[in-house]
There are 2 protein chains.
Amino acid sequence: MSATYSITDLARQFGVTTRTIRHYEEQGLLSPRRDGTSRIFSNRDRVRLKLALRGKRLGFSLNEIRELFELYDLAKDEKKQLEEFLAKLEKRRALLEQQREDIEVMLNEISFFAGQCRRLLVGSRDDKTEKVA
Amino acid sequence: MSATYSITDLARQFGVTTRTIRHYEEQGLLSPRRDGTSRIFSNRDRVRLKLALRGKRLGFSLNEIRELFELYDLAKDEKKQLEEFLAKLEKRRALLEQQREDIEVMLNEISFFAGQCRRLLVGSRDDKTEKVA
DNA sequence: TCGGATCTTGACGTTTACGTAAAACGCAAC
DNA sequence: GTTGCGTTTTACGTAAACGTCAAGATCCGA
């Protein structure tokens, strides 16, 4: 019923190489079924790949991402370890909020610099370049 | 007049190793004066180290950070290359905004999960644990 | 003057996240 | 049947960002 994907399907969809996807499987991030020797990826795999790539953009290591996946799954089972999970979540939150701050600072600096640049570009020429792109 | 710092000063201030700082100098991110053979870091160096570490948190490579520093300095000189600078700034901005989006998504997911967890923790026990931490 | 702390420059080691090449299999089209 | 694409495993290579000694210079207080 649910859609399935070949390895190159997924690779193309997300702009990564097949090597990358195999690597993620080796690292335990993905676990596609097999049709003979070929990998068959489910929607679950697709979602995991998407999450993994987002995690990477945020600077998480593959190991950390795998841990998160495990906790994610685990949370459905054992209530006992929920506190541990919560603690990890809070750590992540703190990290992310730090990053968010960093990003705001950076964006502000970029705005400032861009403004400076545009002013210089306008002021320096004797063109009639009135249009401030 | 202006404060100066030894290599271990800076290392301690920012929670990195001296090796890291030497590495950054090798990569052209820092250029301390010398007192004989010893490195003497100025406030400018300190700021650069701070910026470098922030850049790292945002996933920039040391190479990219060095490029940014160079553009930063360069922008004071040549107006000619300001457009190039502006273009790079815009690329950064796009990247950062993507990251910001990623972070928002993540934070929302974390909030959601944390909520779920707390609900489970409360609902599962027959303690009188009324305090929802 | 001697020991300890701090600094230096090599230089090789390590981890992460893949790249890349080799050799072989399955299958569909021609 | 063979050409060719897509896939597989195996395995060595690599770039970045440091870690980790090693061996020596320098300074400083007891």
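Chain A is the first sequence line, chain B the second, and so forth, proteins listed ahead of strands; every chain is numbered from 1.
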Does [X] place a side-chain N or O at less than 4.0 Å from the phosphate oxygens OP1/OP2 of [N]?
X: A:S38; N: D:dG6; value: no
X: B:K56; N: D:dC18; value: yes
X: B:R39; N: C:dT8; value: yes
X: B:T20; N: D:dG19; value: yes
X: B:R22; N: C:dT6; value: no
X: A:Y24; N: C:dC18; value: yes

Measure the distance from [atom1] on [X] to [atom2] on [N] and round it to the nearest whole Å.
X: A:I40; N: D:dG6; atom1: CD1; atom2: P; value: 16 Å
X: A:I7; N: D:dG6; atom1: CD1; atom2: C1'; value: 10 Å
X: A:H23; N: D:dT8; atom1: NE2; atom2: C1'; value: 18 Å
X: A:F60; N: C:dA17; atom1: CZ; atom2: C1'; value: 17 Å
X: B:I65; N: D:dC18; atom1: CD1; atom2: P; value: 9 Å
X: A:L49; N: C:dA17; atom1: CG; atom2: P; value: 15 Å
X: B:L62; N: D:dC18; atom1: CG; atom2: C1'; value: 9 Å

**Item:** Side-chain donor or acceptor of A:N108 paired with backbone N/O of A:V105 under 3.5 Å
**Value:** no
**Item:** Partners passing side-chain contact (heavy atoms from CB on, under 4.5 Å) against B:E97 (at least two apart in sequence or in another chain)
**Value:** A:L107, B:R93, B:R100
**Asked** How would you list, by chain and number, every residue that makes a side-chain contact (heavy atoms from CB on, under 4.5 Å) with B:R12, sequence neighbours excluded?
**Response** B:T8
**Touch class at under 4.0 angstrom, heavy-atom based, for B:T18 against every strand present** = nothing
**Message:** Restricting to side-chain hydrogen bond (donor to acceptor under 3.5 Å, both in side chains), what partner residues turn up for B:Y5, sequence neighbours left out?
**Reply:** B:N43
**Request:** Under the side-chain hydrogen bond (donor to acceptor under 3.5 Å, both in side chains) rule, collect the residues that match up with A:T17, sequence neighbours excluded.
**Result:**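 side-chain hydrogen bond (donor to acceptor under 3.5 Å, both in side chains) list for A:T17, sorted by chain: A:T20.
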**Request:** Specify the residues of residues 25-36 of chain B, ordered by number, for which at least one heavy atom lies under 4.0 angstrom from an atom of DNA chain D.
**Result:** none
**Prompt:** Mind checking what makes salt bridge (charged side-chain N to carboxylate O under 4.0 Å, His left out) contact with B:R66, not counting sequence neighbours?
**Reply:** B:E70
**Prompt:** What are the two closest heavy atoms between A:I7 and A:F41, and how far apart are they?
**Reply:**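 Answer, listing the atom of A:I7 first, then A:F41: CA-CE1, 3.7 Å.
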**Item:** Non-hydrogen atoms of A:D45 and A:I40 that approach each other most closely
**Value:**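 Smallest interatomic distance, heavy atoms only, reads OD2-O, 4.2 Å.
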N/O to N/O distances under 3.5 Å, protein versus nucleotides 20-29 of chain C:
from   : atom 1 : to    : atom 2 : distance (Å)
C:dT20 : O4     : A:R19 : NE     : 2.9

**Message:** Can you identify which nucleotide, out of C:dT16, C:dC7, D:dG6, has its nearest atom closest to the B:S6 side chain?
**Reply:**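 When the side chain of B:S6 is considered, C:dC7 is the closest of C:dT16, C:dC7, D:dG6.
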Got a list of side-chain donor-acceptor pairs under 3.5 Å for residues 52-61 of chain A, not counting sequence neighbours?
from  : atom 1 : to     : atom 2 : distance (Å)
A:R54 : NH1    : B:E109 : OE2    : 3.4
A:R57 : NE     : B:D102 : OD2    : 2.7
A:R57 : NH2    : B:D102 : OD1    : 3.0
A:R57 : NH2    : B:D102 : OD2    : 3.4
A:S61 : OG     : A:N63  : N      : 3.4
A:S61 : OG     : A:E64  : N      : 3.1

Extract all donor-acceptor atom pairs below 3.5 Å that involve side chains of residues 27-37 of chain A and protein atoms in other chains or at least two apart in sequence.
from  : atom 1 : to    : atom 2 : distance (Å)
A:R34 : NH1    : A:T37 : O      : 2.7
A:R34 : NH2    : A:E25 : OE2    : 3.3

